[in-house]
Amino acid sequence: MNRLFEEKMRTLLIILFSVVLGQSCSNSKCEGNKWGDVYKDLPFSMPEVEQPSFPDYQVNICDFGAKSDGVTLNTEAINNAIKAVHDKGGGKVIIPEGLWLTGPIVLQSNVNLHAEKNALIVFSSDTSLYPIITTSFEGLDAKRCQSPISAMNAENIAITGYGVFDGAGDRWRPVKKDKMTDRQWKNLVNSGGKVDENGKVWYPNEGALKASVLMAGSGDKRTEITSEEWEDMKSWLRPVLLSIVKSKKILLEGVTFKNSPSWCLHPLLCESLILNDVKVFNPWYSQNGDALDVESCKNVLIANCFFDAGDDAICLKSGKDEDGRRRGEPCENIIVRNNTVLHGHGGFVIGSEMSGGVKNVYVSECSFIGTDVGLRFKSARGRGGVVENIYINNINMIDIPHDALIADLYYAAKSAPGEPIPSVSEETPAFRNIYISDVFCRGAGRAAYLNGLPEMPIENISIKNMVVTGAKEGIVVNKVAKLNIENVEIDTPDQSMIQIENTTDITINGKELGTISEKRLLTKN
């Protein structure tokens, strides 16, 4: 407790010090790297994440005709301000206090978009403002609407300050009735939109409902739909709130993002990315309402952030199936430190779209409060890709209804007794070299679930110093090669602690158990 308190105080002092010098090294006079300590004693080698820096030059969006009345559409004014600073060689674009309505904002190199205190930037729900583009979503090449905030092939960019960016997602997302109270559902239906014939899903308009019917059962395969037809159904192509693609030296700091149409923050194929003191709020019922999806990025620092999501919270990805393998860009050299997650399907997550691989990840000093799952690793046959060199310690959780820890290679699939075992191929996913320590959880459905494939067991996983109280089940292990469990305490009603089968090279509290093929239950006694 003292150590955690000291660390938080240290972080607070660093942030206060940076404010005195100038927000987040946002001018060319600020030198050095305030993040030096986070690289000490890393279990793998990675370079320090490069921080963007900007000249002292700045402009105010009001100088370009922006009006704070919640009615005037300020898209042109904001983008003109960004272009002017970019053309000048870089600097800061100020969004002052006020209520600013806008369409899509496009970031450009060497620009820091700075939202001052009490600046509320609300994106219009008029879908005609967001053209359909070709991009990537859920790991696959796809058509989507242009994101409210985007950057492509940019370098040295930032969004900083204290303001709030609202993505107007409630006018894009479908909503399932079983995720709402009766009163919430009634109010939603009365607000407009359309309900499907079963009365179970609300859609924001007729076009979204039509698209859902056309796409039903198609999975990831898009049926032949013309561009003209998509224009009438474009609200189905919900964008992520912030999309940064193939960019370098990126800083998100201090600001709040909320109410995203789909995923909230999605950096893709980026290098040198810092998120510090960022907050994300999505309704718990928001469909695909992930907080942060870092995909195929290299050299990333995620620190001091706060996430409340409708889906996974802090998630690492690298493409899906053949599309992801063809891209072949892993997510690597990632530090996740001192973050808090409220609601979310998973607190910290890898997958399931991990076909390009995920490696060299360090997660420390994070708290998950009421997330469906705490630590979540997921994949399935067909993905391919390798998740390896994952180091996690000092995690606190409470009120986790499902698993405190899960690593499952049967995500969204089931195995049947006697099913044929396929040969290992490029489509076979792998989890290996995962080290977890100092995890404390009060209240869980199950302490841990480790489930590999018969053709590709989870390999070399270590769990040390883990305490789970108030669990309904203990640890369940199946198809693991090399398992080390040390100093683990699980409080369950029947005092069962570990159920193991089809697992080799097992060591528990220093005692080598060899191989356990048939299901075996280990109790505290």
Side-chain angles (χ1 to χ4, degrees), residues 7 10-40 42 44-58 82 85-86 88-94 107-116 149 151-163 242 244-257 265-279 292 294 296-306 314 316 331-339 360-362 364:
E7 175 63 26
R10 183 191 66 80
T11 301
L12 177 60
L13 289 172
I14 289 173
I15 293 172
L16 290 173
F17 187 61
S18 71
V19 171
V20 172
L21 290 179
Q23 181 72 25
S24 192
C25 293
S26 58
N27 61 67
S28 58
K29 296 179 181 178
C30 184
E31 298 178 354
N33 193 327
K34 69 177 181 177
W35 297 106
D37 285 351
V38 304
Y39 302 100
K40 289 183 178 179
L42 276 180
F44 50 82
S45 176
M46 73 173 275
E48 292 190 3
V49 182
E50 292 185 82
Q51 298 185 156
S53 61
F54 306 93
D56 290 332
Y57 180 73
Q58 67 180 42
I82 291 172
V85 172
H86 166 75
K88 187 74 173 180
K92 183 184 293 184
V93 172
I94 301 293
L107 300 176
Q108 298 191 43
S109 296
N110 303 313
V111 175
N112 176 8
L113 185 64
H114 184 84
E116 294 188 333
I149 309 174
M152 171 74 79
N153 294 318
E155 186 167 352
N156 202 55
I157 58 175
I159 302 176
T160 65
Y162 311 91
L242 181 143
I244 302 179
V245 183
K246 296 182 180 178
S247 299
K248 296 181 179 180
K249 294 176 65 175
I250 305 152
L251 173 67
L252 305 178
E253 182 168 66
V255 292
T256 297
F257 301 92
L265 309 179
H266 183 208
L268 170 65
L269 294 164
C270 292
E271 183 176 346
S272 293
L273 166 68
I274 297 175
L275 284 85
N276 178 45
D277 191 28
V278 169
K279 301 175 182 65
L292 170 64
V294 177
S296 295
C297 293
K298 179 167 63 176
N299 303 335
V300 178
L301 175 59
I302 304 163
N304 312 311
C305 296
F306 191 99
I314 306 168
L316 306 184
C331 210
E332 61 181 317
N333 297 342
I334 316 292
I335 299 174
V336 180
R337 186 168 179 181
N338 193 34
N339 301 286
N360 297 347
V361 178
Y362 180 66
S364 181

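We count residues from 1, following the sequence as given. Computed from a predicted structure; not experimentally measured.
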Interatomic spacing from [atom1] in [X] to [atom2] in [Y] - rounded to 0.5 Å:
| X | Y | atom1 | atom2 | answer |
| --- | --- | --- | --- | --- |
| Ile159 | Ile149 | CD1 | CD1 | 4.5 Å |
| Asn156 | Gln51 | CG | CD | 10.5 Å |
| Lys249 | Glu271 | NZ | CD | 11.0 Å |
| Lys248 | Leu273 | NZ | CG | 14.0 Å |
| Ile250 | Leu107 | CD1 | CG | 9.5 Å |
| Ile314 | Asn339 | CD1 | CG | 4.5 Å |

Pairwise side-chain contact, Ile335 with Val49, heavy-atom cut-off 4.5 Å (strictly under):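 No, their side chains stay 4.5 Å or more apart.
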Ser364 side chain near Val38 side chain, heavy-atom distance below 4.5 Å: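 Sidechains of Val38 and Ser364: no contact.
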Working for side-chain contact (heavy atoms from CB on, under 4.5 Å), residues Asn299 and Glu50: CA-CA 8 Å; Asn299 303 335; Glu50 292 185 82; over 6 Å; no
Is a side-chain donor or acceptor of [X] paired with a backbone partner of [Y] at a separation under 3.5 angstrom?
| X | Y | result |
| --- | --- | --- |
| Asp277 | Cys305 | no |
| Tyr362 | Tyr39 | no |
| Asn112 | Phe54 | no |
| His86 | Ser109 | yes |

What closest approach, in Å, do [X] and [Y] show between heavy atoms, and which atom pair accounts for it?
| X | Y | answer |
| --- | --- | --- |
| Pro55 | Gly89 | CG-O, 4.0 Å |
| Leu292 | Pro267 | CD1-CD, 4.1 Å |
| Gln108 | Ile157 | O-CG2, 3.2 Å |

Residue pair Asn276, Glu253: steps toward the side chain to side chain donor-acceptor pair (under 3.5 Å) verdict: CA-CA 5 Å; Asn276 178 45; Glu253 182 168 66; 2.5 Å; yes
Heavy-atom neighbours of Lys279 NZ exceed 12 at 6.0 Å: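 Yes, NZ of Lys279 has more than 12 neighbouring heavy atoms, counting only those of other groups under 6.0 Å.
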Steps toward side-chain contact (heavy atoms from CB on, under 4.5 Å) verdict (Val255, Leu113): CA-CA 11 Å; Val255 292; Leu113 185 64; over 6 Å; no
Residues Phe306, Thr256; criterion side-chain contact (heavy atoms from CB on, under 4.5 Å); working and verdict: CA-CA 9 Å; Phe306 191 99; Thr256 297; over 6 Å; no
For Ser247, side-chain hydrogen bond (donor to acceptor under 3.5 Å, both in side chains) partners two or more places apart: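 Partners of Ser247 under the side-chain hydrogen bond (donor to acceptor under 3.5 Å, both in side chains) test: none.
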